[in-house]
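For reference, the structure is listed below as C-alpha cells.
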Amino acid sequence: MLIRKAPDVRYSEVTPKSFYVRRREFIAAAAAAAVGAAAAFSPAGTGRARAQGARAKLPNVRKGPFGTDEKLNSFADISGYNNYYEFGADKDDPARNAHRLVTRPWTIRVDGLVKSPASYDIDSFIKPHPLEERIYRLRCVEAWSMVIPWVGFPLADVIKRLDPLPSARFVEFTTLNDAKQMPGVRVPVLDWPYVEGLRIDEAMHPLAILAVGLYGEVLPNQNGSPIRLVVPWKYGFKSIKSIVRIRFTDQQPRTAWNVANAREYGFYSNVNPTVDHPRWSQATERRLGEFFRRKTLMFNGYGDQVASLYSGMDLRKYY
Ligand code: MTE
C-alpha cells in the first residue's frame with residue numbers, strides 16, 4: 001500500500017520509488033482535475049455536494065450491539081486523517097478534495113449470481129434498514145488505529161434482502177470511478193476502480209456492516225459517503241468506500257490491493273499480529289491521539305466472534 005506517515009516508519013523506508021514518481025504525477029493530475037471540475041460542476045451542483053458534507057444529523061439511530069467502551073477518536077481525527085486514494089495519497093487529501101463527490105443522486109447496481117439483478121437508488125436501498133450505532137476499532141494495515149462510532153446496518157440483512165443464488169460464494173464491492181470528481185483516479189496507483197470482496201460467510205457475519213454515518217451524522221465524503229463497508233476484524237483497506245456496485249460471484253474477487261501487490265495484500269486481510277507485512281511489523285499499532293504504541297490483537301480483538309470462520313485455515317498462507 002502506498003504508505004505515508006505510518007507513525008514509526010519513515011516514508012522513504014516503506015514507499016517504493018515508483019510511488020514517489022506517481023505522487024508527482026498525482027499533483028499534476030490534481031491540478032488538471034481542479035480546472036476540469038470547475039468547468040464540469042454548476043455552482044448549484046458544487047453547493048449541493050458541500051451541503052451534504054455539512055454535518056447533517058441522522059434520525060432514529062438506535063444503539064447497536066458489539067460496542068467497545070474504549071475512548072472514541074474525535075470527529076476531527078476520523079474525518080481529517082483518511083485513506084481514500086481516489087482523492088489523493090496524503091492523509092489530509094481526502095478531507096481537502098472529497099467535497100467534489102456528489103453523493104445524491106447515487107445508484108447501486110446489484111448483479112451477478114442474484115435472483116433479481118437491479119439498480120437501486122441509494123435512499124431506497126438504505127430505507128428498509130433501521131440505523132444502529134456500532135462503535136468499532138479500525139486497524140489500518142499501516143499500523144495505526146482509531147475507535148469510530150459508525151452508523152449503519154448489518155450487511156447480512158442487506159444480503160438476505162438481495163437474495164443471492166445458492167451458487168454465490170463471494171460478494172464483490174466496487175467504488176465509483178469518476179475522474180471528474182476524483183482526481184486520484186488519474187494516477188495509476190491502483191487498477192481503478194477500487195474493488196474489495198468477502199467470502200459470503202464473512203459477509204453474513206453480524207459484525208460486518210454497511211455504514212452511512214458516524215457520530216450520529218451523515219458520513220463525511222472523505223469517509224466513504226454515501227455508503228461504505230466496515231469489516232472490523234480485517235485491515236481497514238477491506239472497508240471499501242462510496243460503493244456503486246455489489247456483485248455476487250462463485251469466484252474469489254480480484255481485489256484492488258491484491259492485484260496491485262499480492263505479496264503484501266492478501267484476499268483475507270485479517271488483522272494478525274503474528275504475520276508481518278513484508279516491509280514492517282504488525283505486532284503493535286499506534287492509536288491516533290495516543291503516544292505509546294499498543295499491542296495489536298488477533299482479529300483486531302474480535303477473535304471470540306470471528307475465529308471460527310477460519311478454523312482449519314493456515315493464516316500465514318491465507319493472509
Ligand atoms: N476505499 C476506497 N474506495 N479507496 C481507498 O483508498 N482506503 C482504505 C479503506 N477504503 C480506501 C477505501 C483504507 S487503506 C482504509 S485504512 C480505510 O478505508 C480508511 O477509512 P477511513 O478513512 O474512514 O478511516
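Whatever order the structure lists them in is the order used to number ligands and atoms, beginning at 1.
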Let me check something: any side-chain donor-acceptor pairs from residues 155-162 under 3.5 Å, sequence neighbours excluded? List them with distances.
from   : atom 1 : to     : atom 2 : distance (Å)
Arg161 : NE     : His129 : NE2    : 3.0
Arg161 : NH2    : Phe125 : O      : 2.8
Arg161 : NH2    : His129 : NE2    : 3.2

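- Under a 4.0 Å criterion applied to the non-hydrogen atoms of Asn223, ligand 1 contributes the atoms 21 (P), 23 (O).
- Using a 4.0 Å cut-off to heavy atoms of Ser239, the atoms of ligand 1 that qualify are 9 (C), 10 (N), 18 (O).
- In the candidate list Pro94, Ala256, Gly236, Gly236 is nearest to atom 9 (C) of ligand 1, counting heavy atoms.
- Using modelled atom types and a 3.5 Å distance limit, the side chains of Tyr310 and Glu202 yield a donor-acceptor pair.
- Among the atoms of Lys241, some N or O lies under 3.5 angstrom from an N or O of ligand 1.
- The number of heavy atoms from other shown groups lying within 6.0 Å of CZ (Phe66) is above 12.
- Of all the heavy atoms of Thr175, the ones lying under 4.0 Å from any atom of ligand 1 belong exclusively to the side chain.
- Of the options Tyr84, Tyr85, Phe237, the smallest heavy-atom separation from atom 13 (C) of ligand 1 is shown by Phe237.
- On a distance-only criterion, Trp144 and ligand 1 share no N/O pair closer than 3.5 Å.
- Neither the backbone nor the side chain of Lys238 has any atom closer than 4.0 Å to an atom of ligand 1 (non-hydrogen atoms only).
- Proximity to Cys140 (heavy-atom distance under 4.0 Å) selects the following atoms of ligand 1: 16 (S).
- The existence of a salt bridge linking Arg228 and Glu196 is excluded, since no basic side-chain nitrogen approaches an acidic carboxylate oxygen closer than 4.0 Å.
- Contact annotation: for Glu142 versus ligand 1, there are no heavy atoms closer than 4.0 Å.
- Taking the six-membered ring where the residue is Trp, Phe87 and Tyr84 present perpendicular rings, their angle passing 60° and hence far from 30°.
- Taking the six-membered ring for Trp and the full ring otherwise, the centers of Trp257 and Tyr85 sit less than 6.0 Å from each other.
- Using modelled atom types, one finds a donor on one side chain and an acceptor on the other under 3.5 Å when comparing Arg287 with Ser145.
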